[in-house]
Amino acid sequence: MLNKSHFAFLDEGSKKEIRRTILKAVAIPGYQVPFASREMPIARGWGTGGLQITLSLIGKKDVLKVIDQGADESVNAVNIKKLVQLTTGVELTEQTKTATLIQSRHRIPEVPLTDDQILILQVPEPEPLRAYEAKKSVTKLLHSEQEYSGAWLMLFEQIMKYGTISTGADHPVYVNDRYVMAPSPIPRFDNPKMNQSEALILLGAGREKKIYAIPPYTDVASLAFDDYLFRTEDFTDKSCHLCGATGVFLDELIDDHTQQKLFQCNDTSFCMERLNSTQKEEVGSIDA
Amino acid sequence: MGYVAVKGGTEAIEASLKRLTYERLRGREVIEIKTIQSTMRGLIDQVMSEASLYEPNLAALAIKQAEGSMEEAVFLLRAHRSTLPRLYYSQTVETDRMFVERRISASFKDIPGGQLLGATSDYTHRLLDFQLIHETKEAIEQWLTDYEQERSPKLPSKNLIYFSKVVDYLREEGLFTEHEVDNTPPDDITKKSLEFPASRSERLQTLTRGQTGAVTSLGYASLRGYGQVHPTVGEVRVGMVPIYVAPPNETTEDQENDYYIGEVKITEVESFVPVTKNYNQQENDLEFEIGYGICFGQNETKAIAMSILDQCLEHPEASFPTHDEEFVLLHIDSVESTGFISHLKLPHYVTFQSKLDSVRGVKQEVRKNAK
Amino acid sequence: MIDVVHDMQAVFRKLLHSMSRPGEVSTLKSTIAHTDRWSCHEATYLTILTLFDAEVSFHIVSNKQKKNLEKQIAEYTLARNAPIDEADFVIVLQGTKEQTILEAMGTCKIGNLLDPQHAATWIVENERIVQEGNLILSGPGIQQQTTIQLDISDSIIQARNERIKEFPLGIDMILTDAKSQVLCIPRTTTIVLKGGTQ
């Protein structure tokens, strides 16, 4: 028996079902549309939802970028890229602006996305109400009735207990004034990038078998109160120790030698580009 | 020269894959697919059942490639299944047409057609057989020749007999409710995602491809008291059943035109569970219901556990997790559970940084309030 | 005909682009010369071939003979022909009378609150669709507003507006024309007639 691999791995029937689901998801922003979700050659929970979307979208002319935790070279990102390239032969890139499809886990790139790009986010848990309701049949009902008092109560309890909203990543958002949605475990820092985004954003949860979407130019508001505002992670007075960037999401590192705390751009390709452009300025255009 | 990204991830993966191959090859032994197929029957059956793909050859290949890891082998076969077009549904399989290799009932000492023990490890003494260490092909040949000779005069007549179902006798007595044959086409959980409440066809499909250990555990939990189903095994049967598909675009129901596409070995269990039926609010009557279990290959423990869970899920009113279909059906799939558990190995430093920020925020708030 | 892998992929991307940007026109093309005759626009059958399979049902709305097209769709895609109130896709052929369309519009699926996705997607043929015109569109996917021109009558637009009133319930539309152009109007889009009301 020989290895035979179909273009973009999935059989055409599976792609059709995923494509129909994506169109529905776009038509009902923030609503989790169920889909069959095929088993992929990478493990469930490792980006199979995003991967199935990518494989159903991708064509020969696409340029693909995959990042995991902001990094192009993260092992899981490399592994996903490898699979897509093996079955499609598409061009890969690390530059955000040259990519037509960007599959990402836990980050939205720092470089603003444009309207000829599609961002595909991997989602481990698509249900924003799961934290207080375990049953799928119940959360489905709550969404249908737009009954989100539980989500508000969760934030309220945090304020009562801690004096502030204490959510980490995956802070819930309100989409198009209708559905409360899990933005996937992106940091709160990235939530505002979803609002009125130029690029289409598709979210895929393979294990939980849900696809949902934020069309371009759609209202996306992070859940918060008038007197307790939504707060992104705070990097005031901090900058990247490599490229000097401020106002971006930073990773916190401990220097091996000095035991000092260091900060570094989480978006590795963004940092690299900045480094290269400053170098260009310094040395002129000799070997650019 | 510009800055170039370090290809750390790519290189690490390449090295890791090489190391994995090294671990598989370092013993310098080749295991043949046919060796696995003819000696690892239990493993193959289990992999095919959990992968929900009946193909002993590919199951053996998956086992070889996975170095015997169950979860990996199941995963490989499931992923392969994803690439196959699914064009037809088979005709309904009538299990009373099974070519029975083994069939027992725990409910009756004598059943029409008799108990047929077949091949089972139930009555082996679980003592390690050290002679197997030095088993030879010659010894195997000798044993087989002896066995054939011993068996040949006892071969049954050429007339095929079908074993009817044990439950049929009880139905005649009115101990089971007669149900209309329900020929609604089953929902296909591989083509449509599972939504709740689930149909029985969806429940049975999910259970039959469940991880053997998970299905067994939950069935066991119900039996011990975390559930209300205490069955008697009406019948366990193991054997081959023929599979037919109707010609495409054929509107006639004439079975003569069906194509025979092969046979599969299955284990089928019908458990008898006494239930109280309430008539006219006042009168209570005791009747039996059937818990149904079925799986590819010979895997009796799983099929029996499945029959318990099937009955549990038919009675969602009981307040045990084993009667809660979301709890049972969403947590028994091998590929899903192993995938999500193992995803915890992936880096989570963005999420952690975000949490760190909010914990610091909370601490600040507490300090401010303390002043 | 259609290259089932690469043409369908390209068609889908155009449809997705237009669905996520209501009012933006895309042109659908196949790379393989067609040898089969379809009694509908090229954009219509390319959409059908891209989205239909045995798992979906369809209904054709037309005043003309439609048996051949029904048969052809079923043979090519294995999709099932179904009554209007059950169909996942509703296909309106060009030249269909307003009254016939209005009746279909009133009875097609719009989903329910638990499963708003169980709604009909309409594929509606036009002679010509034009970016810029008398219909003002706004909503998700549209920066402020955009305008388009269709051959569909105002009363059909009004009937459509009636059916999307209770968002998330509603219908999503894929409009095709004789020049292989498509444009989409999902249920989130508000349509206002220039100089008129919704």
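Below, chains carry the letters A, B, ... as their sequence lines are ordered, and counting in each starts from 1.
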My understanding is that only residues two or more places apart in sequence, or in another chain, count here; which of them pass side chain to side chain contact (heavy atoms under 4.5 Å, CB included) with A/V78?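 A/E73, B/T10, B/I13.
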Checking heavy atoms, do the side chain of [X], its backbone, both or neither come under 4.5 Å from chain B?
| X | result |
| --- | --- |
| A/E17 | side chain |
| A/S14 | side chain |
| A/A134 | backbone |
| A/F235 | side chain |
| A/I186 | neither |
| A/N79 | both |
| A/T167 | backbone |
| A/D234 | both |
| A/K82 | side chain |

For each of A/K140, A/R38, A/R231, A/R207, tally heavy-atom pairs with chain B at distances under 4.5 Å, and name the one with the top tally.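 Of the candidates given, the most pairs with chain B belong to A/R207.
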Between A/K209 and B/E336, does any side-chain N to carboxylate O distance fall below 4.0 Å?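 Here A/K209 pairs with B/E336 in a salt bridge, since their nearest N and O are under 4.0 Å apart.
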Is there any residue in residues 200-213 of chain B with a non-hydrogen atom under 4.5 Å from a non-hydrogen atom of chain A, and which ones are they?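 Near chain A, by residue number: B/R209.
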Kindly compute the distance separating CZ (A/R105) from CG (B/L346), expressed to the nearest 0.5 Å. 4.5 Å
We want to know whether B/Q353 and A/E252 form a side-chain donor-acceptor pair, criterion being a heavy-atom distance below 3.5 angstrom. yes
Any donor-acceptor N or O pair under 3.5 Å, side chains B/E365, A/T164: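 Not at all, the side chains of B/E365 and A/T164 share no donor-acceptor pair under 3.5 Å.
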